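Heads up: the structure comes next, in structure tokens.
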Amino acid sequence: MDKQQLITELQSYGLKLLDPEQQTSGRKGGAGPSDHKAVTIDGTTVMVPIYNQPAAQSPYTVSADQTILERDGELISLIAFPETPKFYNLTTSDGIPYWKIALLHSQDVLATTVLQTCMRYGDQVNACQFCAIGQSLEAGRTIAKKSPDQLAEVAEAAVRLDRVTQMVMTTGTPNTTDRGAAYLTECAKAISTLVNLPIQGQCEPPDDFIWFERMKAAGIDSLGMHLETIEPHVRAKIMPGKATVPLDYYFKAFAEAVKVFGWGQISTYILVGLGDSLDAILETCDRLIAMGVYPFVVPFVPITGTPLANHHAPNSELMFTLYQQVGGMLKRSRMSSAEIKAGCAKCGACSALSNFEK
Ligand code: SF4
């Protein structure tokens, strides 16, 4: 089996860890894709679901010494798990462990949710059905608001001790018209004053696009504004609160953001497997790429404890077809995840897409 196919399958099926000792790290809950763990296969680090329901049924397992990936008991590939980063051992002067402020994602990405609360989370009428932003907070694995100084302190240590090469800052959506852009700006300013680290900000489109210039001036190099789903009936069902922001408004925001951050420096998540048709996804990817936005196509990962915990992950054949088609579009447009200065699409670990760009 080639690497493209293996990663695609692993991200759909997940990985069943037989030994509880193997389950000690990884992301449970939080914003964005979760319930998964970083694994390195043949030099590529990807996030693979391990804590959710599909993973418990997966044909993929790991040998007791954690070095061999097996499928139905047969050897498939060598596998490795990234080591716990050194900055996790540190604590801020006010007694907060650094790992509650930001986490290592994949191999060299520092990731944080600056505001761990969201105006859309917590009531069924508005909440995105796939989201677990409140879970890690409830479990005491993070803090509700990371201060700009805390983030700068952790970022400096992560670069110095663990050779982190980029930072992803996402946010729950506050009930303000800037939709979190103002706080991301404040945080980026503090980080970029202390350490030289490419940063991606992620938020909903703000009311005033002047925020794009402010974010850029503060040290944010690239921006993610995430569609998640596309077709109106899917948006209304899966993310009823977020669906009140019209798709057209996202596209207006993309066009303005490309002017500020540059062609190929804006990206958006598209979660596959939540009801959008293949045609709708492909048409949207085509439109996005034509305007300079990287479509980060990601298989939906059902997260334990969310309303979609029992929803199926998309099958790997569908993902493979999509990756081939979107990979071809990216190639023809000469848009590449490697050229993005920072962000999820650059990291690429939650999707197999970057393996199809070449
Ligand atoms: S793609 Fe984004 S969410 Fe996934 S591991 Fe990389 S930085 Fe984290």
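Residue numbers count from 1 along this sequence. One-based numbering, in listed order, for ligands and for the atoms of each. The structure displayed is predicted, hence computed values, not measured ones.
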Practice task
May I ask you to check if any N/O/S atom from C347 comes under 2.8 Å of atom 4 (Fe) of ligand 1?
Solution key: no
Practice task
Kindly say whether the aromatic ring centers of Y323 and F320 come within a distance under 6.0 Å.
Solution key: no
Problem - Q202, Q166, M47: member with heavy atom nearest to atom 5 (S) of ligand 1 - result: M47
Completion exercise
Atom name of the N, O or S atom of H105 nearest to atom 8 (Fe) of ligand 1 is ND1
Exercise for the section: Output yes if C344 passes the N/O/S-under-2.8 Å test against atom 8 (Fe) of ligand 1; output no otherwise. Expected result: no
Handout entry: Any side-chain heavy-atom pair of Q265 and V258 under 4.5 Å
Key = no
Practice task
Tell me yes or no: between the side chains of Q202 and Y269, is some donor less than 3.5 Å from an acceptor?
Solution key: no
Problem - From CA spacing to verdict: ring pair (Phe, Tyr, Trp, His ring centres under 6.0 Å), Y249, F209 - result: CA-CA 11 Å; Y249 192 70; F209 296 151; 5.5 Å; yes
